[in-house]
Amino acid sequence: MPRAVRTDKDRIYRDLTIKHGPLTNVELCRYAKEITGFDKMSDFALEKDVDRLVKYHLEMGTLVRENGALTWLLPVSRPASVGPEPGQAFLSGDGFLTSRAAVKCRRCGDTIDLSTVKKRWRLENRYLALALHVHHFFRVTCPGCGWDARCDTGKDVKPLLSPGS
């Protein structure tokens, strides 16, 4: 079974266990059988798949069996949809992904947070910018000194690091 399919199935099993509380293997199979992707599986294959999941997560320590019922140890919280857009994530100083990026002002040396200032692209027409090969340049005004800086997205834009790093 490919890893992507196995990961999706594991996520469904985890969500079922969290939604319905502590479950035994048989109860988990019964709830999984109600889901569209699992209704085509035979009972034997579904039991083996649940046994594989339980064995792996018991060894990893993320799942615990109490009185025959399975319980997840780590709470699963869904992040808010405020996260970074795909392809726009940077690594912060703490090692966490953040969408906040910054450029350094060449005049005063301040760091300009690009999420708080307005960025102006050199050419408004995207196709003309691609034809002239200037699609990666933009302008931003420094809030500290008022300098209008020309920035290159490939060279000048860096992750905004936390003050403690």
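What you see is a predicted model; the values in this text were computed from it and never measured.
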For a quick test of reading the model, state the closest non-hydrogen atom pair linking V54 to L63 and the distance between them.
CA-CD2, 4.0 Å
Return the CH2 to CZ distance between W147 and R139, rounded to the nearest 0.5 Å.
10.0 Å
On a heavy-atom basis, the closest approach of V103 and D156 is CG1-O, 3.7 Å
Less than 4.5 Å apart, any side-chain heavy atom of V117 and any of P143?
yes
Using a strict threshold of under 4.0 Å (side-chain N to carboxylate O), is an ion pair present between D51 and K48?
no
Going through the distances and angles, do D49 and Y13 end up as a side-chain hydrogen bond (donor to acceptor under 3.5 Å, both in side chains)?
CA-CA 10 Å; D49 198 33; Y13 291 138; 2.8 Å; yes
Interatomic spacing from NZ in K19 to OH in Y31 - rounded to 0.5 Å
9.0 Å
What do you reckon, is CG of D39 surrounded by more than 12 foreign heavy atoms closer than 6.0 Å?
yes
Within the distance-only criterion (no hydrogens, no angle test), does the side chain of K55 pair as donor or acceptor with the backbone N or O of V50 below 3.5 angstrom?
no
Could you check D10, D15, L16 and say which one makes a side chain to side chain contact (heavy atoms under 4.5 Å, CB included) with I12?
L16
Within the 4.5 Å heavy-atom criterion, are I112 and K104 side-chain neighbours or not?
no
Where A102 and L114 come nearest, the two heavy atoms and their spacing:
CA-CG, 4.1 Å
Between the CZ atom in R106 and the SG atom in C142, the distance rounded to the nearest 0.5 Å is 12.0 Å
Identify the heavy atoms of T17 and L23 that sit nearest to each other, and give their distance.
CA-CD1, 4.0 Å
Keeping E27 on the side-chain end and T24 on the backbone end, is there a donor-acceptor pair under 3.5 Å?
yes
Note: D43-R30 ion pair, threshold 4.0 Å (strictly below):
no
Looking at R107 and D148, is there a salt bridge between them, counting it only when a charged N and a carboxylate O are closer than 4.0 Å?
no
Interatomic distance, R14 atom CZ to H57 atom NE2 [nearest 0.5 angstrom]
8.5 Å
If you measure from SG on C105 to CG on D110, what distance do you get to the nearest 0.5 Å?
6.5 Å
Could you give me the CA-CA distance, side-chain angles and deciding distance for N25 and E47, then say whether side-chain contact (heavy atoms from CB on, under 4.5 Å) is met?
CA-CA 8 Å; N25 288 15; E47 288 175 8; over 6 Å; no
Side-chain heavy atoms of K119 within contact of F138, under 4.5 Å
yes
Nearest non-hydrogen partners of L58 and V64, listed with the distance:
CD2-CA, 3.9 Å
Salt bridge (charged side-chain N to carboxylate O under 4.0 Å, His left out) with R65: which residues, sequence neighbours excluded?
none
